[in-house]
Amino acid sequence: MSYDATPRETLACQLAGAVADALRQDLVQQERALLVVSGGSTPVPFFRALAASDLPWSRIDVTLADERWVPEEDPDSNARLVREHLLQGPAAAANFVGLTTADPTPEQGVAEVAERLEGLAWPASLVILGMGGDGHTASLFPDSRELDLALSTGDPLVAVRTPSQPQARITLSADRLHQARRHLLHITGGDKRAVLGRALAGDDMRELPIRAFLSCPLAVYWAP
Ligand SMILES: O=C1O[C@H](COP(=O)(O)O)[C@@H](O)[C@H](O)[C@H]1O
């Protein structure tokens with residue numbers, strides 16, 4: 001970078017470097033590699049930095065940890081975020097596997113999305129998690145009605161209804177999110193650092209669902 005990068009930009013570049021190295025390493029041994037990314041606002045600079053990485057993108061599958069059940073054009077769509085910020089330039093050659101269908105509800109679409117996911121190269125090379133201020137990760141929210149199911153099922157995906165959230169969602173289950181060689185947590189800001197500190201001090205996953213991943217092991221990428 002030729003200007004004074006902010007701590008968040010520097011973090012995004014460090015994370016992109018680590019992810020690119022891991023993908024290259026796995027692609028020496030296997031034909032395809034799978035990258036699971038999160039949505040929300042935090043990953044945007046990371047997506048841009050990773051898109052600029054020199055990688056054999058046509059051998060990389062990208063999917064999401066979770067998605068809002070909205071059309072891809074919707075401003076809240078995680079797929080839109082990935083397409084606009086990650087799948088750009090040479091990275092557009094990656095194979096993106098979204099988590100929505102044309103069905104009106106995630107309960108109706110979940111089987112079709114599960115079939116798509118089964119065609120991918122599990123275990124994933126990396127799962128990059130985000131975290132909300134309530135300790136949710138992917139769409140495992142403390143108040144999701146299906147939280148117990150999502151934490152315990154062997155199915156890859158769960159349709160979730162969450163009173164605190166405006167849209168229905170679909171999320172990879174904890175079991176499926178665990179199926180990766182490396183787990184990274186990308187968070188920014190003092191508030192999230194404090195939530196992570198609380199999570200590390202206890203063990204109730206229903207209170208702070210990020211706890212389901214703290215012993216993966218989980219590499220934490222944090223900046224103020
Ligand atoms: O709703 C979501 O939130 C979390 C965190 O998002 P952020 O905007 O605070 O970065 C994200 O990890 C998850 O994938 C997303 O659907």
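Every number for a ligand or one of its atoms is a count from 1 in the order of the listing.
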Should we count CZ of Arg193 as having more than 12 external heavy atoms under 6.0 Å?
no
the protein heavy atom lying closest to atom 2 (C) of ligand 1 turns out to be His136 NE2, 3.4 Å
Assess, by modelled atom type and distance only, whether the side chains of Asp103 and Thr101 contain a donor and an acceptor separated by less than 3.5 Å.
yes
With heavy atoms and a 4.0 Å threshold, my read on which part of Thr42 contacts ligand 1 is both
Among non-hydrogen protein atoms, atom 11 (C) of ligand 1 lies closest to Gly39 O, 3.6 Å
Distance (rounded to the nearest 0.5 Å) between Asp26 CG and Arg181 CZ:
4.5 Å
With a sphere of 6.0 Å drawn around CG of Asp203, does it hold more than 12 non-hydrogen atoms of other residues, nucleotides or ligands?
no
Which atoms from ligand 1 have a heavy atom of Arg169 less than 4.0 Å away?
1 (O), 2 (C), 16 (O)
Provide the number and element of each atom of ligand 1 under 4.0 Å from a heavy atom of Lys192.
7 (P), 9 (O), 10 (O)
So the atoms of ligand 1 within less than 4.0 Å of a heavy atom of Arg68 turn out to be 1 (O), 2 (C), 16 (O)
Arg59/Glu31 salt bridge by N-O under 4.0 Å criterion
yes
Is a side-chain N or O of His186 found less than 3.5 angstrom from the main chain of Ala12, in a donor-acceptor match?
no
What residue and atom, counting heavy atoms only, is the protein's closest point to atom 6 (O) of ligand 1, and at what distance?
Gly40 CA, 3.7 Å
Between Arg206 and Asp148, does at least one N-O distance fall below 4.0 Å, as a salt bridge requires?
yes
Atom 12 (O) of ligand 1: which protein heavy atom is closest, and how many Å away?
Gly130 CA, 3.3 Å
Give yes or no for whether the N/O distance cutoff of 3.5 Å, strictly under, is met between Phe141 and ligand 1.
no
Between side-chain atoms of residues 130-138 and protein atoms elsewhere (two or more places apart, or another chain), which donor-acceptor pairs fall under 3.5 Å?
from   : atom 1 : to     : atom 2 : distance (Å)
Asp134 : OD1    : His136 : N      : 3.0
Asp134 : OD1    : His136 : ND1    : 2.7
Thr137 : OG1    : Gly130 : O      : 2.6

Asn78 heavy atoms, cut-off 4.0 Å: which ligand 1 atoms fall inside?
16 (O)
At a 4.0 Å cut-off, with the gap strictly under it, does some heavy atom of His186 reach an atom of ligand 1?
no
Would you say Glu118 has more than 12 foreign heavy atoms packed within less than 6.0 Å of its CD?
yes
Please identify which atoms of ligand 1 are closer than 4.0 Å to at least one heavy atom of Ser41.
7 (P), 8 (O), 10 (O)
Nearest protein heavy atom with distance in Å, relative to atom 14 (O) of ligand 1:
Asp66 OD1, 2.6 Å
